[in-house]
Amino acid sequence: MLDPEFSHRLVVAFLYYLYKIPGIHLLARLLYTRLTPPLPVTVMGLEFPNPIGLAAGLDKHAKCAKGLADMGFGWVELGTVTPQKQAGNPGKRMFRLTDNKAIINRMGFNSVGIDRFLRNLRRNGKAGIIGINIGKNRSTPMDQAVDDYLMAMQAVYPYADYIAINISSPNTSHLRDLQKEPNLETLLATLKNEQIMLGKTRRHYVPLAIKISPDLTDEEIAVIAKLVIKHKIDAVIATNTTVSRPGLEDNLEASEGGGLSGQPLKTVSTDIIRKLYNHLKGKVPIIGVGGVENASDAWDKMVAGADLVQLYTGFIYEGPAIVRRTVRGLRRRMQSSGDSSISETITKARSGIHLMR
Ligand SMILES: Cc1cc2nc3c(=O)[nH]c(=O)nc-3n(C[C@H](O)[C@H](O)[C@H](O)COP(=O)(O)O)c2cc1C
């Protein structure tokens with residue numbers, strides 16, 4: 001019933017202050033986190049307690065990573081954070097399409113900037129695995145975009161379990177051009193080089209993932225797959241929100257500008273995952289995201305090629321119980337196949353589908 005952005009802020013503030021109470025983290029783990037059964041998966045060299053993560057955009061400023069992790073997520077992706085502080089787009093910029101279980105947002109990377117973000121993270125702490133999602137400032141010209149990613153990557157490197165390179169938000173003008181061949185080649189080569197250097201000096205390898213759009217052509221997907229393999233990028237996150245309005249063409253509410261997430265994005269993003277997987281063939285893991293509301297949606301994304309799954313809009317409409325319901329549903333599928341890991345069940349299901357073809 002509340003304004004979407006206001007209720008979003010309320011939840012983040014609630015968790016932020018709740019976790020100031022000493023012992024609350026332990027209590028939450030004792031009473032709540034345990035309701036989500038273990039379903040471990042190893043991806044990018046990281047051991048995830050379960051394959052369902054929180055997608056970027058909810059905790060953009062690292063204010064409540066612990067509280068979110070305690071809801072049972074296998075991991076939490078924080079950000080997008082930009083190097084410098086920026087306000088994002090003015091006015092109302094988040095819209096709920098309740099009947100369609102969808103959201104349109106044109107936040108435009110509202111960010112406290114990297115220094116404040118890291119101060120928040122140090123102060124508020126984290127639990128379990130965290131990804132940090134980085135982006136460029138609006139005021140940075142496109143020909144200097146790589147410098148923004150480089151600066152952000154260097155700053156977050158000591159704090160992240162993996163770093164997500166967001167080149168697919170539809171709300172920063174021309175950002176998606178970074179997915180095109182010459183730009184992507186330069187960006188990935190530069191970031192990979194930096195990752196190797198930082199890995200050596202810090203004696204700790206932090207995986208890099210790139211986050212792509214659902215609005216790509218088949219040719220663009222092929223180019224991204226080629227470059228991701230060439231530059232040994234550790235994962236691809238597919239997908240961000242869409243600028244299309246699948247099934248909502250006649251819906252007036254859907255005419256708001258911005259990226260669409262939730263139910264209408266589901267099959268669009270699964271199709272992208274399937275196409276991407278056909279190119280990557282398991283050489284680079286995929287983190288599938290877009291419209292996941294239950295175990296069956298997560299399963300579809302995994303069979304299409306995802307090793308891990310994230311959600312955001314489903315969490316808004318269903319509440320925290322979505323996490324344990326989804327993990328339990330996947331676990332049941334694993335148990336009924338008699339497998340000892342969900343990755344095994346998925347591999348079998350994928351090859352079964354390929355055999356049927
Ligand atoms: C309000 C809102 C803000 C978002 N902000 C970000 C962001 O800052 N960075 C990012 O990479 N993705 C962002 N996303 C995209 C989500 O991470 C996710 O890719 C997308 O919403 C599809 O998943 P879903 O259908 O489960 O929500 C945002 C999504 C929403 C709804």
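As the structure lists them, so they are numbered: ligands from 1, and atoms in each ligand from 1. Along the sequence shown, residues carry numbers from 1.
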Starting from Ile346, can I reach Leu276 by hopping between I/L/V/M/F/W/Y residues whose side chains sit under 4.5 Å apart?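 In one cluster: yes.
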For ligand 1, what are the residues with a heavy-atom contact below 4.0 Å?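 Contacting ligand 1 under 4.0 Å are Ala55, Ala56, Gly57, Lys60, Gly79, Thr80, Met94, Ile103, Asn105, Asn133, Asn166, Lys211, Thr239, Asn240, Thr241, Ser261, Gly262, Leu265, Val289, Gly290, Gly291, Leu311, Tyr312, Thr313.
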Start with the C-alpha distance between Arg332 and Ser337, add both sets of side-chain angles, then the distance that settles side-chain hydrogen bond (donor to acceptor under 3.5 Å, both in side chains), and finish with yes or no. CA-CA 9 Å; Arg332 271 197 295 275; Ser337 320; over 6 Å; no
Short side-chain donor-acceptor distance under 3.5 Å, Thr80 and Lys211: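 There is no such pair between these side chains.
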Going by the angle between their ring planes, with limits at 30° and 60°, are Trp75 and Phe48 parallel, tilted or perpendicular?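 It falls in the perpendicular class, over 60°.
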Between Pro214 and Leu265, is there a side-chain heavy-atom distance shorter than 4.5 Å?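 Leu265 vs Pro214: side chains touch.
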Sole candidate of Lys180, Lys230, Lys192 that passes salt bridge (Lys or Arg N to Asp or Glu O under 4.0 Å) when paired with Glu185: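 Option passing the salt bridge (Lys or Arg N to Asp or Glu O under 4.0 Å) with Glu185: Lys230.
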